[in-house]
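What follows is a short report on a single structure.
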Amino acid sequence: MNDQTIIAIVAMACAALTVALGAIGAAIGESRIGAAAMDALARQPDEASSITRTLFVSLAMVESTAIFCLVIALILLFANPFIGSAGQ
Amino acid sequence: MNLRIFGDPILFQLGPIPITETMVTSAVVTVILLAVAILMRSLVRSWPQHWLSVLAFLVVESFDNLVEEIVGRRHALVATFAGSMFLFIAFCNIAGQLPGVHPATGNLATTSALAAVVFLSVPIAGIQSNGLWGYIKHYFRPNPLLMPLHVISELSRTLALAVRLFGNIMSGHLLVGLLVALAGFLVPTPIMALDLLIGLLQAYIFSILSTVYIGAAISAGEE
């Protein structure tokens with residue numbers, strides 16, 4: 001097992017861990033945002049348009065942390081600077 | 001299998017400049033949007049009762065209302081900016097659904113360019129409405145010690161805008177590509193529908209966030 005193999009194994013494991021742990025945080029955050037938006041909608045149905053707009057914006061902000069994790073994982077897998085012939 | 005994450009194939013050379021696929025896609029989208037906009041303008045002028053004119057009026061009015069809700073007053077320039085951003089990003093994302101087309105927004109260079117436009121528009125809008133000194137002063141408020149945090153937040157939100165759009169569109173396209181390679185016919189269809197929804201939602205988010213940033217710069221001196 002040479003150095004390149006070890007680096008490839010570690011990179012794959014790290015990519016899987018990155019996506020898994022990143023998805024946990026984003027999922028918890030989005031569920032809390034959804035619950036809070038439902039609560040606000042039930043209390044103030046008149047404000048539905050502004051609540052929905054803020055809901056989408058905050059969902060996207062929270063979702064972007066998971067997307068950052070995905071991008072990092074894809075960099076580890078496909079554009080890893082430490083693996084010789086990787087990247088395109 | 002046509003999976004592409006960070007690369008961008010060069011189609012041909014135009015003198016010293018290599019023309020990549022993303023440049024061609026975004027140029028085609030821009031030309032189509034411009035042609036539709038010019039046709040709509042003449043249609044609205046000559047035949048305002050036609051349903052397409054009403055549709056165009058509704059689109060423009062919805063962007064005006066959006067900007068009015070966020071900025072606090074009607075602002076034609078910001079509405080134009082947000083509308084152009086939304087239409088360009090949305091059409092790029094939808095164009096990615098065509099077979100063989102890689103969406104222009106699924107490339108980090110395109111999204112970085114769009115985020116850089118937002119990054120440069122924020123101080124321009126702030127200086128235009130508050131004057132140079134009034135805009136610079138808001139960096140030193142509430143305390144001059146917080147100035148580095150203001151600068152870091154402007155840089156990091158620009159990075160987040162670029163990587164968010166890129167990550168969403170690229171991952172959606174990658175997922176559809178993987179499913180096509182694995183399962184083939186009809187199985188990727190629901191994922192493609194989700195991809196369409198996410199593309200429109202990300203275009204909306206991008207234009208809303210850029211409006212929020214520009215609106216914050218416009219109202220920076222009013223307190």
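Since the model is a prediction, treat every value here as computed from it, not as a measurement.
A side-chain contact (heavy atoms from CB on, under 4.5 Å) with Tyr213(B) is found for one member of Thr158(B), Ile208(B), Ile218(B), Val122(B) and no other, namely Val122(B).
Other residues, nucleotides and ligands place no more than 12 heavy atoms under 6.0 Å from the CG atom of Asp3(A).
In this structure, Asn93(B) contributes its side chain and Asp195(B) its backbone to no donor-acceptor pair below 3.5 Å. In this structure, the side chain of Thr105(B) does not engage the main chain of Cys92(B) through any donor-acceptor pair within 3.5 Å. The main-chain N or O of Tyr135(B) is found under 3.5 Å from a side-chain atom of His138(B) such that the two form a donor-acceptor pair. Without hydrogens or angle criteria, Thr111(B) side chain to Ala162(B) main chain gives a donor-acceptor distance under 3.5 Å.
For Leu159(B), no part lies near chain A; criterion is any non-hydrogen pair under 4.5 Å. Heavy atoms closer than 4.5 Å to chain A are found nowhere in Leu165(B), neither backbone nor side chain. Contacts between Leu108(B) and chain A at a heavy-atom distance below 4.5 Å are absent for every atom of the residue.
Your options are Leu209(B), Leu66(B), Asn168(B), Leu201(B), and the one with the most heavy-atom pairs under 4.5 Å with chain A is Asn168(B).
In this structure, the separation between CD on Gln202(B) and CG on Leu197(B) is 10.0 Å, given to the nearest 0.5 Å.
Within residues 59-76 of chain A, the residues approaching chain B closer than 4.5 Å by heavy atoms are, in numerical order, Ala60(A), Met61(A), Glu63(A), Ser64(A), Ile67(A), Phe68(A), Leu70(A), Val71(A), Leu74(A), Ile75(A).
Judged by distance alone, the side chains of Thr5(A) and Asn2(A) do bring a donor and an acceptor atom under 3.5 Å apart.
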